[in-house]
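Here the structure comes first, spelled out in structure tokens, and everything after it is commentary.
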Amino acid sequence: MADDKKLTRRDEDFAAWYNEVVLRSELADYSPVKGSMVIRPWGYGIWENMQRALDDMFKETGHENAYFPLLIPMSFIEREKEHIEGFAPELAVVTQAGGKVLEEPYVIRPTSETIIYSMYAKWVQSYRDLPVLMNQWANVVRWEMRTRLFLRTSEFLWQEGHTAHATAEEAEEETLLILGIYRKFMEDWIGMPPITGLKSESEKFAGAVRSYCCEALMQDNKALQAGTSHFLGQNFAKQFDLKFQTEAGEEEYAWNTSWGVSTRLVGGMVMTHGDDDGLVVPPRLAPVQVVIVPILRGDETGPLRDKVDEVAARLKAAGVRVKIDARENLSPGAKYYEWERKGVPFRLEIGPRDLESGQVALARRLTPEGEKRKLFLPEGQAIAELPARLESFQTELKLAALARREANTVRGVKSVDALQEAFDGGAGFVYTGWNGDAAVEETIKERMKATIRALPGEEFRSGETPDTCVSGNGSSVAEVAWARAY
RNA sequence: CGGGGCGUGGCGCAGUCCGGUAGCGCACCUGCUUUGGGAGCAGGGGGUCCCCGGUUCGAAUCCGGGCGCCCCGACCA
């Protein structure tokens, strides 16, 4: 292939490295439309595996999938005040169709709260109709000024859950249930352990009462908002007349939640595990978990091919996603580089020597410290061990990411100068006290480009609760985690 | 919207300052030899030099105008 150059190193230019990895591992490519990308089979395969895992978890917790239209009447979006203020600048609007100017313009959905709750209003009459627990897998469009592959594109794929409940407590519970699902998914599938918590007023979703979030730390120590779960209160219910009759016969507005994760998670995966050789895909997400490269020599290739087919079949029977790379126009070495760049967790090499000795060469995408890159194992053993090796590889990735997050977290910072010092020293998350004043956020954002990523949930908070605000003004009402963010 | 960079076979680039009729590497096609970390040799195909206009005997190159994309910042999942 044409692609035989080394990647930019992460420590040289992280942004350049990221772009090269995405393009050269064939996750995605730039499209003819500015700011939007084509997700190629390797990237889409990873997304499909993400979808499957999440979808299972949503369904296990009682949610159903549905589909709502791409186009939303402009007046719907305008109904909720904060919502329109938040989204107006980035809307793409359809003003013409069928050769005529439309009476009312349609907005290409930037998110679907408005159209979905307008429909729920039609379907809900009684408390017996609640809760409504729906999710949709869809594309949305937000016309961002500056885009980045997977992290911020004009159009992206996501899931958006929208629920309606009879009580605020139940809706709040739902919001936290989903936050927990997101966290578990990020930890156990992506191996990207986030901190979770509440957004500050200035960072919350436009139209929400409260936004909860997952914030993950990338290798450049910038935080990535990886998922959000919003408690919407009755804001949308009131605007869309989503009412129900209670058991006592009274009329009441429903309580809503909405929550989403997007193809941004693919970008998070890249920046969490990728290295200077390219992508590293966690086994549970890898479209190909084991690639087999036959070493063909001379004309006696028949028995070798049979052996490769047999090994592949046995791995497949053991539940391993396996691919045979039998291309004849590439040397084995070229294939090694290609699959390593694409992040396939394990590679088996089977050649004439192995055929005789009954062994195979197993190469790991990440070689443990002090070990050789390739292991020569008896064929049967290699096959038998691979499922467990995949699982432990998955776990190692998570633990490494967790260790990195903790190693780059600074706690107990008590002044703005010390906060600045922490970021100058390359910190990721920095925990401080906060008096709840948005002006403090503004000042710090201005000065060091860091924002409050979350008011962390209990298990992420420091052992010692800060009592004063980082600004020096007043006492702290909540511990907060600051970071520079994507 | 500000700052920077770039538009030349599929990809990456040289050539532009100093005008002379387009070149290199990779990829691709054919053949032979190869294949355990990016194969070698030989032959071959492929280009409106982003667009429009101007200067000139002659423009990838000079002049004027336009368009597009990428990167960095302000805005955001």
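These values consider heavy atoms only, across backbone and side chains, with no hydrogens, waters or symmetry-generated copies. Chain naming here is simple, since letters A, B, ... match the order of the sequence lines and numbering starts at 1 in each. Bear in mind that the values here come from a model prediction, so they are computed numbers and not experimental data.
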Side chain of A:P352, heavy atoms from C-beta onward: which of B:rG36, B:rC76, B:rG73 has the nearest atom to it?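 In terms of side-chain proximity for A:P352, the closest of B:rG36, B:rC76, B:rG73 is B:rG36.
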Nearest-Å distance, CG (A:N19) to P (B:rC11)?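 In whole Å, B:rC11 P and A:N19 CG are 17 Å from each other.
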I need the CD-P distance between A:E90 and B:rC76, as an integer number of Å.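 One finds 8 Å between P of B:rC76 and CD of A:E90, rounded.
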Which one of A:V38, A:T147, A:L23, A:T153 satisfies the side chain to side chain contact (heavy atoms under 4.5 Å, CB included) criterion with A:Y30?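 Among the candidates, only A:L23 passes.
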Measuring only the C1' atom in each nucleotide, how far is B:rG58 from B:rC62? A whole number of Å is fine.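 Here B:rG58 and B:rC62 have their C1' atoms 13 Å from each other.
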Measuring only the C1' atom in each nucleotide, how far is B:rA60 from B:rC76? A whole number of Å is fine.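 My reading of the C1' atoms in B:rA60 and B:rC76 gives 41 Å.
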Measure the spacing between OG1 of A:T175 and OH of A:Y212 and express it to the nearest 0.5 Å.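 The OG1 atom of A:T175 sits 6.5 Å away from the OH atom of A:Y212.
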Any donor-acceptor N/O pair, A:R405 side chain to A:P193 backbone, under 3.5 Å: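 Looks like yes, one N/O pair under 3.5 Å.
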Contact class for A:E340 vs. all strands (heavy atom < 4.0 Å): base, sugar-phosphate, or nothing?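 The residue A:E340 makes base contact.
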Of A:M145 and A:G351, the one whose closest RNA chain B nucleotide lies more 5':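 Its nucleotide being nearer the 5' end, the pick is A:G351.
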RNA chain B: stems of at least 3 consecutive Watson-Crick or G-U pairs, cut-off 3.5 Å?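 Detected stem regions: B:1-7 with B:67-73, B:10-13 with B:23-26, B:28-33 with B:39-44, B:50-54 with B:62-66.
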With a 4.0 Å cut-off, would you call A:E310 and A:K307 a salt bridge?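 Judged by the 4.0 Å cut-off on N to carboxylate O distance, A:E310 and A:K307 do form a salt bridge.
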If the condition is salt bridge (charged side-chain N to carboxylate O under 4.0 Å, His left out), which residues does A:E328 pass it with, not counting sequence neighbours?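 Counting only residues at least two positions away or on another chain, A:E328 forms a salt bridge (charged side-chain N to carboxylate O under 4.0 Å, His left out) with A:R305.
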